[in-house]
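Encoded as structure tokens, the structure appears first; notes follow it.
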Amino acid sequence: MYRVALRMLLGDKTKCLGLVFGVAFSTLLVCQQMSIFFGLLGRASSVVNDVREADIWVMDPSVKTIDVPYPLRALELPRVRGVEGVAWAVPFFKATVQVRTHQGMLENAIILGIDDASLVGVPDAFVVGSIDDLAEPDAIAVNPAGFRLLFPGEELDVGRELELNDSRAKIVAIVDAAPAFAANLTIYTRYSLATQYTNNGRNQLSFILAKSADGTPPEVVAERIAARTGLKSVTSQQLRRESIMYVLANTGIPVSFGTVVILGAIIGVAIVGLTFNQFVMENIKQYAALKAIGVRNVKLLFMTLGQAAFVGVIGYGIGLGIAALFFSTVPKKSDALRGFYLLPEVAVGVAILAAVIVILSTLISMRRVLTVDPATVFRG
Amino acid sequence: MTTATDTLAVRCTGIHKSFGEGEARVHVLRGTDFDARTGEMTFLVGPSGCGKTTLISVLGAILSCDDGEVDVLGHDLRALSSGKLADFRLANLGFIFQQFNLLPALSATENASIPLVARGESVKAAETSAREMLESLGMGDQVHKMPAQLSGGQQQRVAIARALVHSPRILICDEPTASLDAATGNTVMGLLRDAALAGDRSVIIVTHDNRIFDFADRIHHMADGVITHIESPDSSREDAP
């Protein structure tokens, strides 16, 4: 009887397309918005993600997120190095700075200062140049999105000069750093240069990056550092989570995206539910005839669920396909969406949502099928 | 006129059926008695609103009555659950409706095969049987057509094929000629008569169409929820039981 159900559905092409469109639209909308949402949350911790060598971050106890550091005293660095289980510890500077090009382009940038000696804290993927180039005088590395922001339409290249707070800086490398939450332009330079560029005053140490010694869990070492120094000391994983939670708690992003997702689901239920209900109502006489012939209610229920499953799978496939196409093409061409992609978890979550949409819509309509009196077929 | 075997296929005694509540309550069947025999075409006639449709709904295992006995093919329908009633209909009854009620998205063959598919037969086997049934009804060259491509008479033949394809013991027809012209109506009635004779089944027909009364073995006249009298083919008149 599933074949009969499908033929009934496919026989009404307008409604079939309407149902598929409803599911596809909801799937696309929710997939796209959820993926961008998670992409934005990922940017909240992108600086942490890009520091691969360290597994412990030390900071002022009042710091809640990577994006709002509070300066530490320089003497905290040797104290951290002296804690048992710390393999090494290096300074890490983070601030915002205004950047100007010779062409007059002005942008806000995140400037990250890494240890002059070890150069720990730079992502390991360089598009142009190498980490060793940062040892040159006035050397800075910028991310590709930042370069394109400063020099629109130009090929990624080194050798250009920038002005940072009236100081000269030279681009010696393009580093494949993920865009940050606060700005698209990220600058990596040596710690000593970064503090010059920003003129932040006496206390300039934003974070201390540390590595736990082999065989000692970073959580244990982080607790020891906190206990010995009175500073906040967390693992990379914890800081990543805290930075994301800060964005969730202190911005309108979750509400904004959540509203769109809820609207997507509601619109899906409305379109699919109303169209399916209309389809059932227009075929109610046929359902009554099937009941009169002797088709049981439970079989009619499965027939209708079969129709819903067909619409759901096709609509979900189309919506997911368009969303996948979007994320496989647009982020490559747009720095604003760079690093955003369709998460498998989002695809699974939206599949469940699509199932809920079609099941809800089916159940609303099924009531009419189950209660229709087969005797209506005798009433002309 | 067919040759009755005098075996009762349907026997209804003292059926009562009401609809609605309180002052809006309508007593449709008022102790109605009815019977139909195997190998016989039994007509049920009467003015609109007299209870014909309610009666065939009850004896067709679609509607339960409030009181009385309903024995169809030896089964007490009042003792069966709604699921069992559906199974009973699928196994023993065939229906032909005034508006045909074919599924517009299915071809003639697919429409006619529905009872067999619903019984769990394979689609291929069901459609083979349906095609044979359609061919026997003179629809051999129309088997792939959709209902919208068929005339009223052809659609009714598809409906007859659907009603007969699973070899039911009883055929219940509601105004089978109401939507047809006289010639087509006669053809359809001829087919139904053949079906009654060939399958040793009972055919019950509700109709207003006095042009087809000649096909009846017995005519039950109904008024105000009761059978007033039964007319036999030789025009002799029996009193209602």
Side-chain angles (χ1 to χ4, degrees), chain A residues 1-20 275-276 278-308 310-311 366-380, chain B residues 19 48 52-58 60-64 81-107 110-111 113-120 123 126-127 146-148 159 162-163 165-166 168 172-175 178-179 206:
Chain A
M1 293 302 284
Y2 290 114
R3 189 161 171 265
V4 171
L6 282 186
R7 293 295 303 274
M8 283 173 74
L9 181 67
L10 293 171
D12 191 340
K13 289 186 175 56
T14 308
K15 287 195 187 59
C16 188
L17 282 175
L19 291 166
V20 169
T275 311
F276 207 78
Q278 199 180 350
F279 171 78
V280 165
M281 287 310 293
E282 286 179 9
N283 287 282
I284 201 71
K285 203 92 178 176
Q286 275 74 40
Y287 284 112
L290 289 173
K291 285 176 92 167
I293 287 168
V295 179
R296 279 191 178 212
N297 266 347
V298 67
K299 199 166 269 186
L300 289 175
L301 175 66
F302 280 108
M303 282 172 68
T304 313
L305 284 175
Q307 292 169 332
F310 176 82
V311 164
M366 257 327 281
R367 200 178 56 81
R368 293 180 184 277
V369 175
L370 296 180
T371 57
V372 65
D373 182 0
T376 55
V377 292
F378 290 129
R379 292 177 195 146
Chain B
F19 295 101
S48 294
K52 302 187 298 295
T53 298
T54 303
L55 180 58
I56 60 164
S57 296
V58 169
I62 285 173
L63 200 63
S64 60
S81 65
S82 63
K84 294 284 184 191
L85 285 172
D87 293 344
F88 180 81
R89 293 197 296 272
L90 191 56
N92 299 296
L93 306 182
F95 292 94
I96 296 170
F97 312 111
Q98 181 180 346
Q99 299 299 327
F100 321 132
N101 286 337
L102 301 176
L103 301 189
L106 303 189
S107 70
E110 289 166 330
N111 263 295
S113 69
I114 284 176
L116 295 176
V117 176
R119 268 168 35 168
V123 171
E127 290 189 355
M146 308 303 278
R162 182 179 64 184
V165 73
H166 56 305
I172 297 174
C173 313
D174 180 36
E175 304 279 7
S179 305
V206 168

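Proteins get letters first, then strands, A, B, ... in listed order; numbering begins at 1 in each.
Separation of atoms CD (A:Gln286) and CG (B:Leu106) is listed at 9.5 Å; rounding is to 0.5 Å. In this structure, CG in B:Leu103 is found 9.5 Å from OH in A:Tyr287, a value given to the nearest 0.5 Å. Separating the CG atom in A:Asp373 from the CD1 atom in B:Ile62 is a distance of 8.0 Å, to the nearest 0.5 Å.
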Practice problem: Decide side chain to side chain contact (heavy atoms under 4.5 Å, CB included) for B:Glu110 and A:Val4; before the verdict, give the C-alpha distance in whole Å, the side-chain angles of both, and the deciding distance to 0.1 Å. | Solution: CA-CA 8 Å; B:Glu110 289 166 330; A:Val4 171; over 6 Å; no
Self-check item: Residues B:Arg162, A:Ile293; criterion side chain to side chain contact (heavy atoms under 4.5 Å, CB included); working and verdict
Solution: CA-CA 9 Å; B:Arg162 182 179 64 184; A:Ile293 287 168; 3.9 Å; yes
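For chain B, the nearby part of A:Leu290 is the side chain; its heavy atoms alone come within less than 4.5 Å. With a 4.5 Å cut-off on non-hydrogen atoms, B:Leu102 touches chain A through its backbone but not through its side chain. Proximity to chain A (any heavy atom under 4.5 Å) is shown, for B:Val206, by neither the backbone nor the side chain.
Heavy-atom pairs under 4.5 Å with chain A peak, among B:Ile114, B:Leu85, B:Asn111, B:Asp87, at B:Asp87. Counting heavy-atom pairs under 4.5 Å between each of B:Ile172, B:Leu93, B:Thr54, B:Val123 and chain A puts B:Val123 at the top.
Among all heavy-atom pairs drawn from B:Phe95 and A:Ala292, the shortest one is CE1-O, 3.1 Å. Pairing each heavy atom of A:Arg296 with each of B:Lys84, the nearest pair is NH2-N, 3.7 Å. Between B:Ala105 and A:Gly11, the shortest heavy-atom contact is CB-CA, 3.6 Å. Of all non-hydrogen atoms in A:Arg7 and B:Met146, the two that sit nearest each other are NH2-CE, 4.1 Å.
By the 6.0 Å contact criterion, CZ on B:Phe88 is enclosed, its count of non-hydrogen atoms from other residues, nucleotides or ligands being greater than 12. Environment of CZ in B:Arg119: crowded, with over 12 heavy atoms of neighbouring residues, nucleotides or ligands closer than 6.0 Å.
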